[in-house]
Amino acid sequence: MKMDFKTVSNLWINDKKLYVRQSTSAVYAFVLNRYLLPNFEEMESLTEEDVQQFILNAFKNGLSRNYIKGIVNVLRMVLRYGKKIGFDADPQMELHLRKEVRNNRVMAFSAKDQNVLMKYLRDNFVQKNIGIYMSLAFGLRIGEVCALKWQDLDFETGLIKIRSTVQRISMDENGGKRTKIVIGPPKSLSSTREIPMTREFIRLLGPLLDENEPGCYVLSGTTNPIEPRLYRNHYKTLLRRLDLPDVRFHGLRHSFATRCIDSRCDYKTVSSILGHTSINTTLNMYVHPNVDQKRECLEKMSSIFEG
């Protein structure tokens with residue numbers, strides 16, 4: 001018996017919910033309801049041409065290459081599941097995503113701008129600014145700083161313990177749309193990590209320690225976390241006040257990694273601090289040798305053979 005795409009996708013998402021995190025299944029459900037079902041729900045087979053046309057239309061509608069790639073990844077998962085139960089489509093179909101035209105948005109702060117921001121944070125080390133400081137000084141993600149509690153700062157061992165993340169997820173199911181805040185484990189197993197505190201960070205935190213309970217969140221000072229969207233707005237307001245480039249919050253993490261690499265820190269150590277699953281992620285994202293570094297490398301190699 002033939003089945004349509006909607007039937008297959010519903011069976012797939014219900015199966016996925018059994019063994020992925022709630023936040024992950026919510027993302028899958030959002031992609032299905034927002035993009036895939038409106039285009040394919042009644043179709044009893046999918047061809048390469050059908051999906052390629054969908055991709056072209058997505059580009060015309062202003063979606064980025066990476067966003068479309070994520071949608072296609074969800075589609076392939078549905079099709080792999082569908083193939084097992086008789087849906088007519090090849091999950092390995094050859095698809096083409098055009099190259100992204102890079103915009104001019106700054107991905108990380110220059111060393112000069114980073115110094116300006118860091119000086120302000122040191123001079124204005126109030127509770128709400130701690131997360132910006134920690135992202136810039138330790139490479140934390142926004143969900144990680146929002147989920148941090150005072151009990152996660154272990155002053156006996158001098159370690160910051162990253163155990164949770166905060167995110168707002170979309171519950172876009174059965175035609176109804178709502179969102180909710182979820183506090184769960186970090187992005188991956190490697191993201192659950194311990195990061196040594198610097199002497200400066202311990203000194204800056206000193207005056208705040210007696211004012212907060214261990215079970216309260218660092219940024220809010222209460223038993224309720226600050227939502228990442230609201231904290232991102234606070235960060236953007238601060239950038240405008242300081243007349244700094246419009247670097248997105250995740251750019252603090254990029255800035256931290258870039259300065260680590262510029263300082264010739266060990267790549268494996270930087271990868272561990274960032275919580276990357278593989279050192280290759282760190283290398284691909286942040287290690288881009290310039291001409292002087294290449295020249296230095298070649299001179300070192302050449303000196304081995306000098307008489």
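Count residues from 1 along the sequence. Note that the structure is a prediction, hence the values are computed from the model and not measured.
In this structure a side-chain-to-backbone donor-acceptor pair under 3.5 Å is present from R76 to M93. Looking only at distances, no side-chain donor or acceptor of T223 sits under 3.5 Å from a matching main-chain atom of C216. Under a 3.5 Å cut-off, the side chain of S263 and the backbone N or O of C265 do not form any donor-acceptor pair. Looking only at distances, a side-chain donor or acceptor of Y231 sits under 3.5 Å from a matching main-chain atom of K128. Judged by distance alone, the side chain of N61 and the main-chain N or O of N57 form a donor-acceptor pair under 3.5 Å. Looking at S135, its side chain does come within 3.5 Å of a backbone N or O of G131 through a donor-acceptor pair. Checked by atom type and distance alone, the side chain of S271 never pairs as donor or acceptor with a backbone atom of Y267 at under 3.5 Å. Distance alone, capped at 3.5 Å, places no donor-acceptor pair between the D113 side chain and the S110 backbone. Although no hydrogens or angles enter the test, the distance criterion places no donor-acceptor pair under 3.5 Å between the side chain of S45 and the main chain of D88. Remark: side-chain polar atoms of E48 are paired, donor with acceptor, to backbone N or O of E94 under 3.5 angstrom.
Hydrophobic clustering, with ILVMFWY side chains joined whenever heavy atoms are under 4.5 angstrom apart, groups L274 together with M134. Taking hydrophobic clusters as Ile, Leu, Val, Met, Phe, Trp and Tyr residues chained together by side-chain heavy-atom distances below 4.5 Å, I181 does not share a cluster with F249. L63 and F40 end up in the same hydrophobic cluster when Ile, Leu, Val, Met, Phe, Trp and Tyr side chains are linked at under 4.5 Å.
Side-chain atoms of R248 and Y235 form no donor-acceptor pair, as typed in the model, at a separation below 3.5 Å.
At least one side-chain heavy atom of M77 sits under 4.5 Å from a side-chain heavy atom of V74. Side-chain contact between F109 and L244 is present, with heavy atoms from C-beta onward closer than 4.5 Å. Within the 4.5 Å cutoff, the side chain of Y81 has heavy atoms near those of the D15 side chain. Between V78 and L32, the closest side-chain pair of non-hydrogen atoms falls below 4.5 Å.
Comment: R122 engages E200 in a salt bridge, judged by a side-chain N to carboxylate O separation of less than 4.0 angstrom. With respect to the salt-bridge test (charged N to carboxylate O, under 4.0 angstrom), the residues E296 and K300 qualify.
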Inset, instruction - Using the side-chain contact (heavy atoms from CB on, under 4.5 Å) rule, take V247 and L252 through it: C-alpha gap first, then chi angles, then the decisive distance, then the call. - result: CA-CA 8 Å; V247 175; L252 296 170; over 6 Å; no

Inset, instruction - Assess whether side-chain contact (heavy atoms from CB on, under 4.5 Å) is satisfied between V126 and N129, documenting all intermediate values. - result: CA-CA 6 Å; V126 294; N129 287 340; 3.5 Å; yes

Legend entry - Worked check of ring-ring contact (aromatic ring centres under 6.0 Å, His included) between F201 and Y133: CA-CA 9 Å; F201 183 59; Y133 178 98; 5.7 Å; yes

Inset, instruction - Please assess I130 against L219 for the test side-chain contact (heavy atoms from CB on, under 4.5 Å), listing each intermediate value before the final yes or no. - result: CA-CA 7 Å; I130 295 176; L219 301 189; 4.1 Å; yes

Inset, instruction - Please lay out, stage by stage, how L140 and I162 fare under the test side-chain contact (heavy atoms from CB on, under 4.5 Å). - result: CA-CA 9 Å; L140 271 60; I162 309 301; 3.7 Å; yes

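The shortest heavy-atom contact between L239 and P245 is CD1-O, 3.5 Å. Closest non-hydrogen pair, L121 versus L136, comes out as CD1-CD2, 4.4 Å. Contact record, R253 with G139: NH1-O, 2.6 Å, taken as the closest heavy-atom pair. F87 and M43 make their closest contact through CE1-O, 3.6 Å (heavy atoms, listed as atom of the first residue, atom of the second, distance). The shortest heavy-atom contact between S220 and Q127 is C-NE2, 4.2 Å. Smallest separation of non-hydrogen atoms from I195 and I273: CD1-O, 3.6 Å.
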All N/O donor-acceptor pairs, side-chain side in residues 141-154, below 3.5 Å, sequence neighbours left out:
{"residue": "R141", "atom": "NH1", "partner": "E144", "partner atom": "OE2", "Å": "2.7"}
{"residue": "R141", "atom": "NH1", "partner": "S191", "partner atom": "OG", "Å": "3.2"}
{"residue": "E144", "atom": "OE1", "partner": "R141", "partner atom": "N", "Å": "3.0"}
{"residue": "E144", "atom": "OE1", "partner": "R193", "partner atom": "NH2", "Å": "2.9"}
{"residue": "E144", "atom": "OE2", "partner": "R193", "partner atom": "NH1", "Å": "3.0"}
{"residue": "W150", "atom": "NE1", "partner": "N212", "partner atom": "OD1", "Å": "3.4"}
{"residue": "D152", "atom": "OD2", "partner": "K149", "partner atom": "N", "Å": "2.9"}
{"residue": "D154", "atom": "OD1", "partner": "E156", "partner atom": "N", "Å": "3.0"}
{"residue": "D154", "atom": "OD1", "partner": "T157", "partner atom": "N", "Å": "3.3"}
{"residue": "D154", "atom": "OD2", "partner": "T157", "partner atom": "OG1", "Å": "3.3"}
{"residue": "D154", "atom": "OD2", "partner": "K161", "partner atom": "NZ", "Å": "3.3"}

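By the 6.0 Å contact criterion, NZ on K16 is enclosed, its count of non-hydrogen atoms from other residues, nucleotides or ligands being greater than 12. Other residues, nucleotides and ligands place more than 12 heavy atoms under 6.0 Å from the CG atom of L298. Heavy-atom neighbours of D243 CG from other residues, nucleotides or ligands within 6.0 Å: at or below the threshold of 12.
Listed by chain and residue number, K6, T7, E44 satisfy the side-chain contact (heavy atoms from CB on, under 4.5 Å) test with D4 (two or more places apart in sequence, or in another chain).
Ring geometry for Y28 versus W12: interplanar angle of 30 to 60°, hence tilted.
With ring centers used as reference points, Y120 lies 6.0 Å or more from F125.
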